[in-house]
Amino acid sequence: MKNSSRGGDLKRLALSVMAASAVTILPTHVSAQESLNLYNWGDYINPEVLTRFTAETGIEVTLDTYGSNEEMLAKLQAGAKGYDIIFPSVHMQDVMAHLGMLEKTDINQYTGFSHVDPAFLTATTDPKGEYCLPYAWGSVGIVYNKKLAGKVTSWKDFFALTEKGQKVTMLDDMRETLGVGLIMNGNSVNSTDPDELKAAAAFLEPYKQGIAAFTYDSIPMVQSGDIAAAHWYVGAMMYVTQAPDTLDYVIPAEGATKYQENMCVLKTAPNKENAIRFLEFFTQPEIAALNTAQQMNGTANKDAIELLPDALKNNPNVNPAADTMSRLQMFTDLGKGLRLYDRVWTRFKTSQ
Amino acid sequence: MPAAQQTASRTNTTNDVVLSIQCAHRSFKTPEGGQVHALRGVDLDIFENEFVTLLGPSGCGKTTLLRCISGFERLDSGDIAIGGESMARRPAHKRPVNTVFQSYALFPHMTVLQNIGYGLEAAGVGRRERIARSEEALEMVGLGDMGQRRPEQLSGGQQQRVALARAIVNRPRLLLLDEPLSALDRNLRQQMQIELKRLQHELGIAFVFVTHDQEEALTMSDRIAIFNGGRIEQLASPREIYDHPASEFVARFIGESNLFSGKIADATLISSTGNPLPLCSKQLDLRNFDNGRQVTAVIRPEHLHLCAPEAPQAQLNARITEVIFLGTEYQLICTLNDQSLIKVRVTDVNTPLSVGQNIGLSYAPEQLHLIAGSTPLRGAA
Amino acid sequence: MIKSNLPRPRWLQPLMLLSPTTLFLLVFFCGPLAIMVTYSLLEPGIYGGVEWTFYDQNYGRIFGWADGLYEEFDPIYLETFAKSVRLALITVATTLLICYPAAFWISRLPSRTRSICMFLITLPFFVSMIVRLYAWLLILRPTGVINQLLMSLGLISEPLEMMYTEGAVIVGMTYIFLPFMFLPIYASIEKLPGSLIEASQDLGASPVRTFFRVILPLTLPGVISGAIIVFIPSLGNFIVPGLLGGAKVMMVGNLIEQQFLYARNWPFGAALSFMIMAAMLFLLLIYVRVQSRSIGASRGEGV
């Protein structure tokens with residue numbers, strides 16, 4: 001599952017610092033026809049999907065993982081070779097398209113592409129789906145301990161907990177956490193207006209005492225009752241289904257961010273044909289459903305939804321209604337504007 | 001025999017005992033779980049202004065005793081008193097003794113003068129007096145101009161002198177010296193022996209000197225305590241120990257000696273060497289040795305004289321196995337009839353001697369020293 | 001100089017004199033340092049990496065001459081640096097307070113027990129640091145071992161707030177860097193001849209005097225080495241403040257991490273890194289000077 005390990009493993013972060021100088025060399029198979037190398041977020045694909053693919057095509061799949069978009073980009077920029085398919089977030093797909101790193105696959109010409117909901121063709125650099133296949137999506141909301149927090153439906157409830165002396169955590173991700181401040185002030189999560197950003201930080205400032213930490217490792221703490229609620233990904237559903245009496249996940253009423261990752265083929269891919277075969281393989285509704293059922297997130301394959309277990313299919317937090325959907329914002333790449341976030345974020349975190 | 005006279009006079013003046021050790025016991029656990037008895041009941045009195053050497057092979061307990069006196073080790077039982085006061089509850093830094101360590105143990109981060117003044121500093125002596133006394137001590141050991149150097153800039157002999165100055169500057173009741181000369185070369189060692197003796201006279205402090213070198217012990221000591229297996233085998237003046245060793249161990253350890261064991265029969269010793277060896281009847285009477293008594297006889301190599309083989313005065317017959325030239329004399333190693341070896345000193349270097357030659361050996365019976373009771377021993381030690 | 005007849009280019013000659021050590025330092029120390037200095041003087045690329053134009057705004061942000069929309073001077077960078085120095089110094093102090101007595105004690109143990117102790121001290125190296133830090137999170141959290149114990153004993157009624165505090169960061173860094181302090185101190189204590197301690201006692205010095213006049217001065221090189229080896233990685237650490245400080249305790253290492261991984265601003269990250277490197281080089285220079293002076297003094301130049 002992508003989200004639980006997103007940054008959860010700090011070692012990955014350390015590794016990615018070294019990526020600036022490191023060059024990853026993958027074992028290249030003698031016969032290119034037989035192999036496919038995926039470079040994905042940690043635990044972000046159901047292993048059974050890969051087993052099925054190998055059984056069907058005879059192509060061996062190897063899987064390597066990363067912890068953040070930036071880590072993946074930095075490694076590829078530093079010269080990592082041998083990867084065929086990557087899973088960037090949409091804004092990172094745009095960055096990579098600008099950098100000319102992505103291969104045109106014409107996946108939209110494939111018959112199976114009709115299963116894909118066109119609403120998920122969100123990349124500005126790829127509005128028709130000529131390059132990448134929409135893979136999965138999810139919201140970033142609140143996971144909370146029912147016994148400690150009672151019912152939480154909004155960011156207002158979330159921050160109110162801190163006023164009652166309870167502890168919460170937020171993500172150690174400047175765009176996600178400042179994004180909450182932007183949403184609460186009615187601004188776009190992609191704002192690059194310095195005043196709006198300062199206002200977002202100013203919104204969060206009074207609650208800083210109650211925010212125990214900026215971290216990704218929140219779920220066990222929420223479950224044990226060390227903290228009452230956490231700013232977290234929809235992937236929390238995996239834990240909610242295991243402990244429904246304690247945990248719950250909600251998309252806050254004021255709105256939230258959403259993320260989407262697409263499957264893209266690299267220009268430097270050594271096994272392009274196999275890569276395209278994998279994309280085609282993944283357009284099958286039952287394969288997409290197989291993946292989503294295990295990952296417990298959203299799928300872009302509209303015909304796969306029907307095949308999902310009821311608990312997942314009918315969950316408004318995983319497959320929200322249209323009005324909820326309309327309150328979810330997606331990040332776009334901000335270019336130089338990212339530096340404004342960095343400054344506001346650093347100042348916010350270090351202020352006493 | 002000045003040493004013997006001194007000892008004799010001392011026994012009369014028991015009131016100036018400076019160190020008194022009574023029934024000292026100490027054992028250690030070995031890493032394998034066994035026990036080593038380093039001291040098993042040691043009694044020792046040392047008098048004012050006396051130079052006593054603790055002599056013995058390594059592991060005999062002499063160093064343990066020294067460490068018990070200085071306070072680095074505790075006794076299991078028994079007592080150590082200095083100047084009549086028990087040291088049992090006194091930690092090392094409160095005892096009126098100072099030690100010259102085998103490794104010198106000079107503080108490498110201090111100058112020579114700072115090293116010497118360290119004990120005075122600890123005793124609260126003021127800076128000016130401290131420097132004056134340290135310099136005086138340094139003069140005494142002949143290193144007057146070395147005060148500002150660091151220990152590592154000095155030679156081994158100079159370091160030795162600094163260690164000595166550092167110990168004596170505190171005017172201890174007792175100076176303990178733990179094999180202090182063992183790291184020096186032969187010439188320097190002999191020079192230091194003389195100097196130590198001179199210092200002891202000048203200072204009037206009792207010295208307890210630990211060594212395994214018998215020559216050192218014989219040269220310097222008023223009395224020697226021979227250690228073996230955690231006990232004192234003999235405590236006497238050097239001359240007494242040389243002439244009248246109390247045990248076979250002492251006889252073998254001090255000087256060179258030839259040992260014969262056997263039974264007394266009509267003022268002779270019947271041993272495996274063949275001929276009965278004549279004994280001094282005066283000695284037999286004095287010590288109440290009767291016929292049939294098992295004894296060991298000791299004779300020093302220099303008390304054996306050469307004569308013609310099978311000559312009437314020859315008490316032993318032997319064949320020369322080895323001839324060693326020592327400058328002023330020869331040492332012979334000869335084989336007796338029973339194949340045991342015997343050492344002989346020949347001072348007349350003009351006597352023609354060759355390996356394989358048969359010779360006769362004679363001695364004056366009063367030179368044969370008897371030791372009571374024995375385990376069967378053979379030949380020379 | 002003798003004229004060489006060998007057909008070797010003149011410029012190669014000095015290179016051939018380089019020893020393997022020099023070469024090693026060039027490749028693994030000076031090389032990365034040079035890259036970092038260069039990067040810190042370049043303009044950040046929009047998608048990470050650098051633009052090859054000279055740019056003084058990275059240092060400007062830290063030291064005060066930057067004043068634009070994207071590059072603005074902010075004292076928090078120097079403040080964070082000062083805070084990192086403070087936390088690193090505290091870590092040095094706590095590790096020293098623990099390691100010195102421990103090393104002394106262990107050095108006096110029988111050899112078998114001693115080697116077991118040494119093994120135990122190096123044992124944590126075999127487990128991932130991340131795992132060990134998570135273990136501390138479990139110990140320090142409100143429902144963790146310490147709070148539960150104190151509450152069941154009735155000593156406290158509310159859990160103490162230990163997790164995600166500066167105290168937790170110090171505990172974590174102390175724990176992580178203990179062996180780095182221990183080993184050099186242990187080495188210097190073990191080298192200290194027992195006879196010197198005995199000599200001091202023998203000369204009438206109390207245990208306290210013996211410690212301050214003999215033991216401490218003679219083990220000081222080990223203490224200084226340990227302090228430097230602990231200080232340097234503490235200063236640049238970002239994993240402990242991230243994990244046990246909940247990313248609320250910011251050290252300069254976290255700033256650098258942020259620049260490379262999230263802000264895609266490599267040059268500014270390089271500028272911050274160079275600040276750490278400069279501080280370390282400064283420290284090492286002092287250390288080398290102190291060392292060479294003490295060697296000089298012991299050679300008698302101070303007479």
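Every chain is numbered from 1 and lettered A, B, ... according to where its sequence line falls, protein lines coming before strand lines. Being a predicted model, the structure only gives us computed values, none of them experimental.
C/Ile146 has its side chain within reach of C/Met162: a pair of non-hydrogen atoms, C-beta onward, lies under 4.5 Å apart.
The candidate from C/Glu161, C/Glu71, C/Arg141, C/Arg61 with the greatest count of non-hydrogen atom pairs under 4.5 Å with chain A is C/Arg141. Counting heavy-atom pairs under 4.5 Å between each of A/Leu334, A/Leu73, A/Thr346 and chain C puts A/Thr346 at the top. Heavy-atom pairs under 4.5 Å with chain C were tallied for A/Met96, A/Met221, A/Arg175, A/Gln77; the largest tally goes to A/Met221.
Chain A is approached within less than 4.5 Å, heavy atom to heavy atom, by C/Met163, C/Tyr164 from residues 163-171 of chain C, ordered by number. At a heavy-atom cut-off of under 4.5 Å, chain C is reached by A/Lys167, A/Asp172 from residues 162-172 of chain A, listed in order of number.
With rounding to the nearest 0.5 angstrom, the CG atom of C/Leu178 is 10.0 Å from the OG1 atom of C/Thr91.
For residues 30-42 of chain C, every residue pair satisfying the side-chain hydrogen bond (donor to acceptor under 3.5 Å, both in side chains) rule, not counting sequence neighbours, is listed here: C/Ser40-C/Tyr59. Pairs of residues two or more places apart, or lying in two chains, that qualify as salt bridge (Lys or Arg N to Asp or Glu O under 4.0 Å) and include a residue from residues 259-277 of chain C are A/Glu70-C/Arg264, A/Asp333-C/Arg264.
Proximity to chain A is absent for every atom of C/Leu133, based on heavy atoms less than 4.5 angstrom apart. Only the side chain of A/Met92 has a heavy atom closer than 4.5 Å to any heavy atom of chain C. Looking at A/Leu99, the atoms closer than 4.5 Å to chain C (heavy atoms on both sides) all sit in the side chain, from C-beta outward. Interface remark: C/Leu255 contributes side-chain atoms only to the contact with chain A (heavy atom separation under 4.5 Å). For C/Glu72, the parts lying under 4.5 angstrom from a heavy atom of chain A are both the backbone and the side chain. Both the backbone and the side chain of C/Pro44 have a heavy atom closer than 4.5 Å to some heavy atom of chain A.
The number of heavy-atom neighbours closer than 6.0 Å to CZ of C/Phe125, taken from other residues, nucleotides and ligands shown, is above 12.
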inquiry  = What verdict does the side chain to side chain donor-acceptor pair (under 3.5 Å) test give for A/Gln329 and A/Asn190, after you've listed the backbone C-alpha separation in whole Å, the side-chain angles of each residue and the deciding distance to 0.1 Å?
reply    = CA-CA 9 Å; A/Gln329 299 185 53; A/Asn190 294 310; 5.3 Å; no

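Aromatic rings from C/Phe73 and C/Trp65 are positioned such that their centres are separated by 6.0 Å or more.
A donor-acceptor contact under 3.5 angstrom links the side chains of A/Asn262 and A/Gln260, judged on distance only. The closest side-chain donor-acceptor pair between C/Gln259 and A/Asp342 falls under 3.5 angstrom. Between the side chains of A/Thr65 and A/Asn40, no donor-acceptor pair is found at a separation under 3.5 Å. At a cut-off of 3.5 Å, with distance as the only test, a side-chain donor of C/Thr143 or A/Asp226 sits close to an acceptor on the other residue. Judged by distance alone, the side chains of A/Gln93 and A/Tyr131 never bring a donor and an acceptor atom under 3.5 Å apart.
Figure legend: A/Lys75 and A/Tyr66 shown without cation-pi pairing, the cationic atom not lying both under 6.0 angstrom from the six-membered ring centre and within 45 degrees of its axis.
Proximity of a side-chain donor or acceptor of C/Asn254 to a complementary backbone N or O of C/Met251 within less than 3.5 Å is detected.
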